[in-house]
Amino acid sequence: MARVALENLSHSYSINPTNAADYALKKINLSWKDGGAYALLGPSGCGKSTLLNIISGLLVPTEGRVKFDEKDVTALSPEQRNIAQVFQFPVIYDTLTVYDNLAFPLRNRKVPEEGIKQRVSEIAIMLELEDDLSKRSAHLPADKKQKISMGRGLVRDDVNVIMFDEPLTVIDPELKWKLRSKLKELHQEIEVTMIYVTHDQTEALTFADQVVVMQEGEIIQSGEPVDLFERPLHTFVGHFIGSPGMNILPCHVKDNVALFYGHSIELEGPIIRSEGRCEIGIRPEHIQLGTNGIPAVVVRAADLGQHTMVQTLVNDTGVNVITDGKPLEAGTEVNLCFDPRKTRLYSESRIATAVAQ
Amino acid sequence: MKKHSQRAWLFVLPVVLLVAFNALIPLMTVINYSVQETFGNNQFFWAGLRWFEEILQSERFHAALARQFLFTFTILIIEVPLGVIIALSMPRRGLGVSVCLVLMALPLLIPWNVVGAMWNIFTLPKIGLLGWVMNNLLGISYNMTVSPVAAWITVIIMDVWHWTSLVVLLAFAGLISIPDAYYQAARIDGASNWAVFRYIQLPKMKRVLTIAVLLRFMDSFNIYTEPFVLTGGGPGNSTTLLSIDLVKVALGQFDLGPAAAMSLIYFVITLAVSWMFYTLMTRNES
């Protein structure tokens, strides 16, 4: 088990990187506690898998250092770092039984056979694989194969970090939910540092204590799931997390007041910057339909079960609202009331309001 | 029940005709010959199973069959592991891949009789490069036309030179289909190179290796042109493999009946051994 620290990490896949576009990762600094559950979240191609492979040692970064506790492991191979990794597609040794698959990493490390037996049966019980131990692994369903892949990581009791690279991609939706809670349960049981890479916000937010959102090789925001949802530091985070994402509305700033089509909008706190492109960010959940507020026209409404999603237009700008009320008919005129505590200003995509004291 | 259109048969017809002409009709002719006796002039007499009994009891056939098995198993034991080793040591990416693949494919592109002729000249003691070097530089007596051992070694080396590439290409195709994640997982699991080969590469190559073994078995068991051009079956009968013997019986002696019976027996043995290989190599896949 170990703390993980990344210092000034950058990586390029080209041999002679010249400009910023050549870098898959740009100046990453991170510090993670021992035993935590972390998620790297971002769209495909944002560099999250590159970052994961650098932490596991499958890739050597172009610049910067990786530290486990105080030890610099940048130059060490995966086996020397003593980490485990679960890949997107289940990796199993086809010709071996489930038992031998789970025992494989221990046998390679010359653990005595009795120790192996004990450890494998413990892990098999944790993963609910105890009935399959004597079966050949080749013909098992995908979710069991992925459990075996996880099991091979968990079976070593001395691993520093276990990494998951979109491990639920090939799993059916209903089993996804089961495996995800299993993983959470396992983490509480064995308290090893876990890093989980995904482009699925639900997976990241339910699994991790702390989520790192990445875009184009940069960390946009790192924090607890509730922070990412409540107070995104970047419009990308606001847009990427939540379903539907945050409303990002064009605005002007005049005399320290944000104006949205002429309506002055009350914000969470004082404006600290207002250069460049300014936008107001507010989540659909934080807008109410009332009698006084910004006039809008309903375009469409959808019943989401517990809530209703109302799409409205203010002039030419679409604004999504989630309410508890009944679906409204298209063409209905409504007034939008923004919750001031949850309304923020973004300048050049980055947050530009301070929290009021 | 729904009535199906029978039109599909029409589409299969050309292939059925083709197969009939190049396989079924010749096979029926051979079966026909195998139970008759002829003295020429297109006159045939019923012989029953006499030829089959005679051939199965003939020492000449036993000897040729034994030589055939010895040859086939020797080249399989050399070519399959050698092919796998070469495939494993080939580069997996970059320009080297195409260079290696082209080099590997070259021997396969040479016509079989040319291969035999090439090796024949290559080994001539007076003017052949190999023959001259062995006899005059190294002082090792090496003459294929005199020594059966030299003839055997040459026939086997020629086949290894000609056909190992096929195993290499098939094994390489199996190797490059293994996703990188397998190698990465194995590194993380602390697997040795041997363990990677034993538990990842070999199982993933198994399918193509089954095909490689079957192809090499059938081809080498039926081999004719190369050893015929190289040694003509000699010295004596020492390299007279089954097919060479068959041609001697059929065309040399013009014994159509025994030759037909012999080729049927030959065919059944090839089929049986192929089936045995296939069953053995795929028995774990349920």
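- Applying the 6.0 Å contact sphere to CZ of B:Phe73 captures more than 12 heavy atoms from other residues, nucleotides or ligands.
- Within residues 178-190 of chain B, the residues having any heavy atom less than 4.5 Å from a heavy atom of chain A are, in residue-number order, B:Ala181, B:Tyr182, B:Gln184, B:Ala185, B:Ala186, B:Arg187, B:Ile188, B:Asp189, B:Gly190.
- Heavy-atom neighbours of B:Phe228 CZ from other residues, nucleotides or ligands within 6.0 Å: at or below the threshold of 12.
- Every residue two or more places apart in sequence or in another chain that forms a salt bridge (charged side-chain N to carboxylate O under 4.0 Å, His left out) with A:Asp94 is listed here: B:Lys204.
- Looking at residues two or more places apart in sequence or on another chain, you find no side chain to side chain donor-acceptor pair (under 3.5 Å) involving A:Lys33.
- Other residues, nucleotides and ligands contribute over 12 non-hydrogen atoms within 6.0 Å of the CD atom of A:Glu189.
- Of the atoms belonging to A:Arg156, it is side-chain heavy atoms, and not backbone ones, that fall under 4.5 Å from chain B.
- Chain B forms the most heavy-atom pairs under 4.5 Å with one residue out of A:Ile83, A:Leu58, A:Asn53, and that residue is A:Leu58.
- Most heavy-atom pairs under 4.5 Å with chain B, from the set A:Gln88, A:Gln80, A:Arg109: that is A:Arg109.
- Other residues, nucleotides and ligands contribute only 12 or fewer heavy atoms inside 6.0 Å of the CH2 atom of B:Trp275.
- With sequence neighbours excluded, no residue satisfies side chain to side chain donor-acceptor pair (under 3.5 Å) with A:Asp143.
- Heavy atoms of other residues, nucleotides or ligands lying less than 6.0 angstrom from CG of B:Asn22 number more than 12.
- Closest approach of B:Tyr199 to A:Tyr93, counting heavy atoms only: O-CD2, 3.9 Å.
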